[in-house]
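Structure first, then comments.
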Amino acid sequence: MAAITDLGNLTMIADSFYIPKKKEGFPAAGEDAHFFSQSAQVIGVADGVGGCSKSGIDSGEYSRELMKNAEHYVKDCRPADVEPRKVLGKAYSNTAAKGSSTACIISLAGNLLTAVNVGDSGFMVVRGGKIFYRSPVQQYEFNCPYQLKKAAKNRGMEQAAELTVEVRSGDVVIAGTDGLFDNLFTGEIERIVMDYCLGTYAKLPLSEILAMAALGKSLDKTTVSPFEVAACKAHKRYSGGKYDDITVVVAYVVPADSSYDEDDNDDNLIFELLRKFFCLQT
């Protein structure tokens, strides 16, 4: 169920969808974690680094604790008081689980979207049916992202990138882990968002539609995926999609005075409201 909160002149309506990877030897809950705070207008996504499983460590426990700590930190915050770098820093300092994780915290206050990112989770802003902004990927080399972990040689929050984007009514913010971005090209995401705006899909959350599209490609070894293209550039042999945990959080930026009551549970009303503001830009 989507939720809306007052934010002065702009606010976010958010929905999310998570598909954990089902594979023998991997935890049933997967290794991704996410949250969104209605009152603070904050989104968080994290992806526990799978390589730790070779040492018998479930990085999903780390990513879940990291996001739980971040969500707890912002629970009493007003949007204008949120500092994403401080939020992630506090969450990182208080996470005791073993493992490591990428992470992205995104906040909206007024018309300013601010974020802090470590690794290859991230977000993009769709405006008028086109990708207006995409957060840069941080990695040491192909398939080796920056990550947070408790280790002497880890740079911790020093490696975090701080990002700022001005947004406007009708923008669609799509946050996700690499399970989304490794499988769907930007053009495919643009097309899905546009089709959603035009009512092509049934009244399903856009986050679910994107996640299922990414899952379909991840299981197809005959398709061309962004992960395959990146592998080729790194002189690695790889074919098809990349099967992985998939987390998608979609936030729609609309005027805070929109005729929507957060106590109203009518998804059809939410859908029509989103189409109204998004389609004005297309």
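We use all heavy atoms of the structure for the numbers below, so side chains are in, but hydrogens, waters and symmetry mates are not. Everything numeric here is computed off the predicted structure, so don't read it as measured data.
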*asked:* Under a 3.5 Å threshold, yes or no: a donor from one side chain and an acceptor from the other, between H34 and T247?
replied: no
*Measure from the side-chain N and O atoms of S169 to the backbone N and O of V254, and report whether any donor-acceptor pair falls under 3.5 Å.*
no
_No-hydrogen, no-angle side-chain donor-acceptor test under 3.5 Å, D47 and S121_ = no
Anything under 3.5 Å between a donor and an acceptor, one on a side chain of residues 229-238, the other on a protein residue two or more places apart or in another chain? List them.
unit_1, atom_1, unit_2, atom_2, d
Y238, OH, K221, NZ, 3.2
Y238, OH, G241, O, 2.8

_Check whether S37 reaches the backbone of K75 with its side chain - one donor and one acceptor, N or O, closer than 3.5 Å._
no
*Is T102 close to C104 at the side-chain level, that is, under 4.5 Å between some pair of heavy atoms?*
no
*Would you check if the side chain of E190 reaches a backbone N or O of I131 as a donor-acceptor pair within less than 3.5 Å?*
yes
*Quick check: are there more than 12 heavy atoms from other residues, nucleotides or ligands sitting under 6.0 Å from CE of M212?*
no
*Are a donor atom and an acceptor atom from the side chains of Y92 and N69 found within less than 3.5 Å of each other?*
no
*Taking Y73 for the side chain and G89 for the main chain, is one N or O donor matched with an acceptor at less than 3.5 Å?*
no
*Return the set of residues passing ring pair (Phe, Tyr, Trp, His ring centres under 6.0 Å) with Y146 (not counting sequence neighbours), or none when no residue passes.*
Y140
*Under 3.5 Å side-chain donor-acceptor pair for D32 and T177*: yes
